[in-house]
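Take a look at the structure set out below.
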Amino acid sequence: MKVVALAGGVGGAKLAQGLAACLEPANLTVIVNTADDFVHLGLQISPDLDTVMYTLAGIANPQLGWGRADESWHFMETLEAFGGPVWFRLGDRDLALHHWRTSRRIAGEALSALTLEAKNKLGISVQILPMSDDQVQTIVSTSEGALSFQEYFVARKCEPAVRGFHFEGIETAEPAPGTLEGLETADVVIFCPSNPWVSLDPILAVRGIRDQVRSKPVFMVSPIIAGKAVKGPAAKMYAELGVEPSAVAVAQHYEDILLGLMVDHRDASLVPELEALGLKVCIEDTLMKARHDRIRVAQSLLEFAQTTGLKERTS
């Protein structure tokens, strides 16, 4: 079974790691959100791509979920002593990747080509693709005006109330090489438990991707459990946009795309409402604290897709 997973952030990276453990490398492609990429300290930063790569390489910081394990912070400490901006923390090992990528991009190389080279150097065998080689930036409309995503998420710690989102540059962004081809040959598409508004929606907004995804059986792990996000501001965003945060809200967000939704056992009472939307539902303990949890969730999801999605496709 060939699988394409759409991912962003820590939740996406965790499920991607589980899927990578369950599938042959040639059968998994991970398409990653790049709309939260930005330039900081003169460096090209790709937070979601790096989180996915570090997690799949087994070198992610286990406490933070982002950045590298066994990290040191001498650069940041020195920068702070000089009064420099330290609101976005970059470890010393992490900085090396950003410097390498920035110098190569200045020389004209595409993000997708550099991602291929980086993931190979990190010993990752599955395919990892940015959603686009073109610059797209998530802008969050808030009670305090428009903020770039990293300014809202990191600098302001998600404090301003959200009013909406738009993706600057999306109108002209082309899908990265390999994304549409991967989707075309996929048997199943999986939406990782990533933030629908700022991790998955930007990927789907890239020209051609949503249409290609809709032609496949699509399954998702809900990022909302018992009304709360496991990590990040997804539940807060839903509430501030006037939507009660729940697995049902996630399903309604993608009602025209999803075939099946995996929900946590704490949301079992929502199954009738989800099935009323026409969805197939799988109940699982979806918290992925350790690697074995990620593999368990991925295996259950793949079995769900195998028995439901492929059966529907051939019936």
Side-chain angles (χ1 to χ4, degrees), residues 5-16 18 33 36 48 51 63-66 138 140-144 147 149 152-154 156-165 190-204 218-290 293-294 296-298 300-301 304-305 308:
L6 274 54
V10 176
K14 287 180 177 180
L15 184 60
N33 168 49
D36 60 357
D48 283 1
T51 296
Q63 284 76 43
L64 299 174
W66 52 267
T138 295
V140 186
S141 299
T142 77
S143 55
E144 299 179 16
L147 300 173
F149 178 72
Y152 162 80
F153 184 58
V154 181
R156 298 300 313 280
K157 298 179 172 60
C158 308
E159 290 173 358
V162 170
R163 299 289 182 258
F165 311 91
I190 288 174
F191 289 3
C192 293
S194 304
N195 187 308
W197 304 101
V198 296
S199 292
L200 298 180
D201 280 0
I203 303 174
L204 292 168
V218 180
F219 294 82
M220 183 176 189
V221 178
S222 175
I224 304 292
I225 299 176
K228 298 181 180 179
V230 177
K231 191 175 181 67
K236 178 179 181 290
M237 289 174 172
Y238 270 111
E240 290 170 353
L241 291 168
V243 181
E244 182 181 351
S246 69
V248 173
V250 173
Q252 290 171 332
H253 195 90
Y254 295 117
E255 192 173 354
D256 64 323
I257 298 178
L258 286 182
L259 173 61
L261 182 68
M262 175 180 280
V263 300
D264 190 80
H265 60 87
R266 282 163 284 190
D267 286 320
S269 63
L270 299 177
V271 170
E273 196 172 349
L274 292 167
E275 290 180 338
L277 294 173
L279 290 176
K280 308 295 182 181
V281 184
C282 175
I283 300 172
E284 181 61 82
D285 177 1
T286 60
L287 276 180
M288 295 181 287
K289 294 181 179 179
D293 295 317
R294 302 167 192 181
R296 172 182 52 77
V297 172
S300 180
L301 182 63
F304 178 40
T308 304

Which distance, rounded to the nearest 0.5 Å, do you find between the CG of L279 and the CE of M262?
-> 13.5 Å
Quick one: does L301's side chain get under 4.5 Å of C282's, heavy atoms only?
-> no
I257 side chain reached by F191 side chain, heavy atoms, under 4.5 Å = yes
Identify the two heavy atoms, one from G18 and one from A298, that lie closest to each other, and give their separation to 0.1 Å.
-> C-CB, 3.3 Å
Would you say I190 and L15 make side-chain contact, with heavy atoms under 4.5 Å?
-> yes
If you take all heavy atoms of P202 and T138, which pair is closest and at what distance?
-> CG-OG1, 4.1 Å
K280 (side chain) donor-acceptor with T308 (main chain) under 3.5 angstrom | no
Between Y152 (side chain) and V162 (backbone), is there a donor-acceptor pair under 3.5 Å?
-> no
Looking only at atom types and distance, does a side-chain atom of E284 sit under 3.5 Å from a main-chain N or O of V297, one as donor and one as acceptor?
-> no
Is the shortest heavy-atom distance from the side chain of V221 to the side chain of M288 under 4.5 Å?
-> no
Evaluate side-chain contact (heavy atoms from CB on, under 4.5 Å) for V263 paired with I283, printing each intermediate quantity in order.
-> CA-CA 5 Å; V263 300; I283 300 172; 4.2 Å; yes
Inspect the surroundings of CD in E240 and state if more than 12 heavy atoms from other residues, nucleotides or ligands are less than 6.0 Å away.
-> yes
Give the C-alpha distance, both sets of side-chain angles, the deciding distance and a yes or no for side-chain contact (heavy atoms from CB on, under 4.5 Å) between Y254 and V218.
-> CA-CA 10 Å; Y254 295 117; V218 180; over 6 Å; no
With a 4.5 Å heavy-atom cut-off, do V243 and H253 have their side chains touching?
-> no
Hey, what's the ring geometry for F165 with W197, parallel, tilted or perpendicular (30° and 60° as the breaks)?
-> parallel
Check whether any side-chain N or O of D267 sits under 3.5 Å from a backbone N or O of L270 as a donor-acceptor pair, and report yes or no.
-> no
Which pair of heavy atoms, one from R296 and one from L287, lies closest together, and at what distance?
-> NH2-O, 3.4 Å
Greater than 12 external heavy atoms within 6.0 Å of E244's CD | no
Do the side chain of D264 and the main chain of D285 share a donor and acceptor less than 3.5 angstrom apart?
-> no
Give a yes or no answer on whether the side chain of N33 reaches the backbone of I203 with a donor-acceptor pair at less than 3.5 Å.
-> no
Nearest heavy-atom neighbours spanning V250 and S222 | CG2-OG, 4.0 Å
Stepwise, does the side-chain contact (heavy atoms from CB on, under 4.5 Å) test hold for F153 with D36?
-> CA-CA 10 Å; F153 184 58; D36 60 357; over 6 Å; no
On a heavy-atom basis, the closest approach of A247 and L261 is O-CD2, 3.7 Å
Do you know which two heavy atoms are closest between D48 and S199, and how far apart they sit?
-> OD2-OG, 4.1 Å
Look at the side chain of S143 and the backbone N and O of A161, then say whether any donor-acceptor pair between them is shorter than 3.5 Å.
-> yes
Spacing of NZ belonging to K14 relative to OG1 belonging to T51, to within rounding of 0.5 Å = 11.5 Å
Roughly how far, to the nearest 0.5 Å, is CE of M220 from OG of S194?
-> 7.0 Å
Can you measure from CE (M237) to CG (N195) and round to the nearest 0.5 angstrom?
-> 5.0 Å
